[in-house]
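Worksheet: one structure, shown below.
Just so we're on the same page: letters track the sequence lines, and every chain starts at 1. Only a predicted model underlies this, so the values are computations on that prediction, with no experimental measurement involved.
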There are 2 protein chains.
Amino acid sequence: MSSTRTGARRPYAARVPVAVRREQLLDAALTVIVRDGYDAVSIDAIAREAGVTRPVVYGVFDDLRDLLGTLLDRQQARALAQLADALPPVPDLSDPDRLVADTARRMIETVRADPMTWQPILLAPSSMPAQARARIEADRENFRIQLTGLLELGLALRGGPALDAEIVAHAILAVLEHFGRILLTDPDRFETDRLVATIAGLLQALK
Amino acid sequence: MSSTRTGARRPYAARVPVAVRREQLLDAALTVIVRDGYDAVSIDAIAREAGVTRPVVYGVFDDLRDLLGTLLDRQQARALAQLADALPPVPDLSDPDRLVADTARRMIETVRADPMTWQPILLAPSSMPAQARARIEADRENFRIQLTGLLELGLALRGGPALDAEIVAHAILAVLEHFGRILLTDPDRFETDRLVATIAGLLQALK
DNA sequence: CACAATTGCTACACACGTGTAGTAATTGGC
DNA sequence: GCCAATTACTACACGTGTGTAGCAATTGTG
């Protein structure tokens with residue numbers, strides 16, 4: 001375990017009210033996840049990262065499941081808020097292609113701006129607790145359903161070809177997530193403009 | 001550890017030559033991975049799955065890293081062989097759209113036919129050993145490069161719009177993998193014909 | 001400035017995985 | 001049928017994570 005050398009007493013960590021410690025521990029957990037991956041997450045690792053001992057963590061959370069669930073609540077809220085900001089509140093339907101391109105640009109910039117929030121979502125590994133995976137998956141599904149609706153509308157409005165909106169929504173989301181992952185793992189690989197330009201080109205080709 | 005009740009001697013597992021045991025252990029490891037995930041893989045779990053004790057495993061492999069590396073060799077070879085079978089050996093360039101649709105159908109059927117092989121590749125989690133991840137990623141990259149070349153050729157040949165072939169190749173691969181994952185986790189969700197029809201529709205829309 | 005509430009630490013018992021030394025069962029060849 | 005080579009098992013020492021009981025330091029309040 002973490003340094004059980006008997007004799008020298010460990011210097012006390014700053015005394016901090018529970019509510020603050022809670023946030024610190026969630027931050028520590030996120031840091032560990034982003035830096036070392038989900039596999040490295042343990043009560044012990046989080047305590048170490050936060051500079052306290054394990055009993056301090058147990059004083060705030062029941063166990064790792066409880067802690068990660070709470071973290072997910074927080075990160076889910078942040079991600080959804082950012083996503084809502086990136087999506088157009090009052091879509092200007094007069095130029096659908098431009099609308100799509102602008103929205104894509106805002107989403108790219110959103111991920112670039114806060115990778116800590118997006119990494120655990122876009123790079124969510126199977127080792128994540130099943131409960132957490134299910135909740136992320138539910139959000140994803142929800143987003144996909146909205147996207148499907150938009151597509152049906154858009155395809156009709158734009159006079160494009162008759163396509164299976166559900167499948168296309170799956171495909172679009174898969175592409176979004178793929179490039180989201182690239183933005184996280186290798187941010188300099190593709191410039192934002194290049195990605196947006198390709199989207200615009202594809203839309204134009206679909207006349 | 002696994003049942004250390006002293007007294008009753010464990011019945012001997014069938015005596016088997018090393019070469020056979022090696023394959024059995026690889027099969028056991030794959031079973032554990034597919035059923036319980038990478039996190040559940042351990043020398044102990046594999047030994048249990050194979051119905052032997054840990055020292056038997058250590059008699060065949062140095063450690064877990066060695067075992068998983070060997071498994072990856074085997075599965076990589078199987079997957080690449082299946083993929084090669086699915087791709088057209090002598091592409092008929094007279095009807096590119098049909099060629100793409102037929103190839104897609106064969107790939108879908110390939111994944112459906114042998115999910116055990118494809119799950120560890122398509123659902124490869126971050127908890128996988130870095131070395132193994134790197135090798136799978138190298139194959140993916142290789143495939144993507146070939147795809148990029150085909151696209152440049154195809155886009156020119158087909159008289160489609162000028163597009164960023166590299167980005168489009170990324171996107172296509174992301175979509176392929178996404179539907180591959182769906183085929184594994186929820187095989188009945190989309191019928192093969194429906195997927196192929198959507199591809200055909202998209203191609204047609206891109207005239 | 002003392003003291004009680006709060007916060008943090010040490011140390012333990014337990015669980016599970018690793019890797020190995022020593023021993024026992026099996027089995028094919030004589 | 002015996003025996004030596006092969007294969008498998010038991011039992012141990014060790015490492016790392018969990019969860020908790022009991023004690024120690026800190027701090028703000030009277």
Side-chain angles (χ1 to χ4, degrees), chain A residues 1-29 32-33 36-71 127-129, chain B residues 1-26 28-29 32-33 35-71 127-129:
Chain A
M1 201 92 292
S2 31
S3 67
T4 317
R5 67 186 188 295
T6 312
R9 225 185 147 71
R10 171 188 184 127
Y12 260 51
R15 287 169 80 84
V16 150
V18 175
V20 176
R21 188 62 90 198
R22 173 182 295 266
E23 289 307 305
Q24 285 182 354
L25 291 174
L26 293 180
D27 290 340
V32 171
I33 289 171
D36 306 326
Y38 273 93
D39 290 352
V41 181
S42 67
I43 294 282
D44 200 49
I46 293 168
R48 250 177 289 146
E49 179 67 33
V52 296
T53 55
R54 281 178 297 118
V56 172
V57 182
Y58 284 108
V60 180
F61 298 100
D62 290 344
D63 51 18
L64 190 60
R65 181 186 178 77
D66 179 29
L67 191 157
L68 291 180
T70 306
L71 177 62
S127 53
M128 218 165 113
Chain B
M1 204 88 290
S2 27
S3 66
T4 316
R5 69 189 186 292
T6 313
R9 225 183 147 74
R10 172 189 183 123
Y12 259 51
R15 288 168 77 85
V16 149
V18 175
V20 176
R21 188 62 90 199
R22 172 180 297 266
E23 290 306 305
Q24 285 181 354
L25 291 174
L26 294 180
V32 171
I33 289 171
R35 189 188 56 219
D36 306 326
Y38 274 92
D39 290 351
V41 181
S42 67
I43 294 282
D44 201 49
I46 293 168
R48 249 178 289 145
E49 179 66 31
V52 297
T53 54
R54 281 178 296 119
V56 172
V57 182
Y58 284 108
V60 180
F61 298 101
D62 290 346
D63 51 20
L64 190 61
R65 181 187 178 75
D66 179 28
L67 191 158
L68 291 180
T70 306
L71 176 62
S127 53
M128 220 165 108

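- Separating the CZ atom of B:R65 from the P atom of C:dG19 is a distance of 12 Å, rounded to the nearest angstrom.
- Comparing B:Y12 and B:S42, the nucleotide of DNA chain C nearest to each residue sits closer to the 5' end for B:S42.
- If you check every strand for non-hydrogen atoms under 4.0 Å, A:A14 touches sugar and phosphate atoms only.
- A close approach under 4.0 Å does not occur between any side-chain nitrogen or oxygen of A:R10 and OP1 or OP2 of D:dA24.
- Phosphate proximity of C:dG17 to B:R48: present, with a side-chain N or O under 4.0 Å from OP1 or OP2.
- Atoms OG1 and CZ, on B:T70 and B:R65 in that order, are 11.0 Å from each other to the nearest 0.5 Å.
- Between B:I46 atom CD1 and C:dC16 atom P the separation is 18 Å, expressed in whole Å.
- Between A:L64 and A:I46, some side-chain heavy-atom pair lies under the 4.5 Å cut-off.
- In this structure, the CG atom of A:D44 is 15 Å from the C1' atom of C:dC16, given to the nearest Å.
- One finds the CZ atom of A:R54 at 9.0 Å from the OG atom of A:S42 (value rounded to the nearest 0.5 Å).
- A donor and an acceptor atom never sit less than 3.5 Å apart when one is taken from the side chain of B:R54 and the other from the base of C:dG17.
- Between the CG atom of B:L68 and the CG atom of B:L26 there is a distance of 9.0 Å, given to the nearest 0.5 Å.
- Of all the heavy atoms in A:A45 and A:A40, the pair that sits closest is CB-O, 3.4 Å.
- Residues from residues 55-64 of chain A with heavy atoms under 4.0 angstrom of DNA chain D, sorted by number: A:P55, A:Y58, A:D63.
- Heavy-atom minimum distance, A:Y58 versus A:D63: CE2-CA, 4.4 Å.
- In this structure, the CD1 atom of A:I43 is 15 Å from the P atom of C:dC9, given to the nearest Å.
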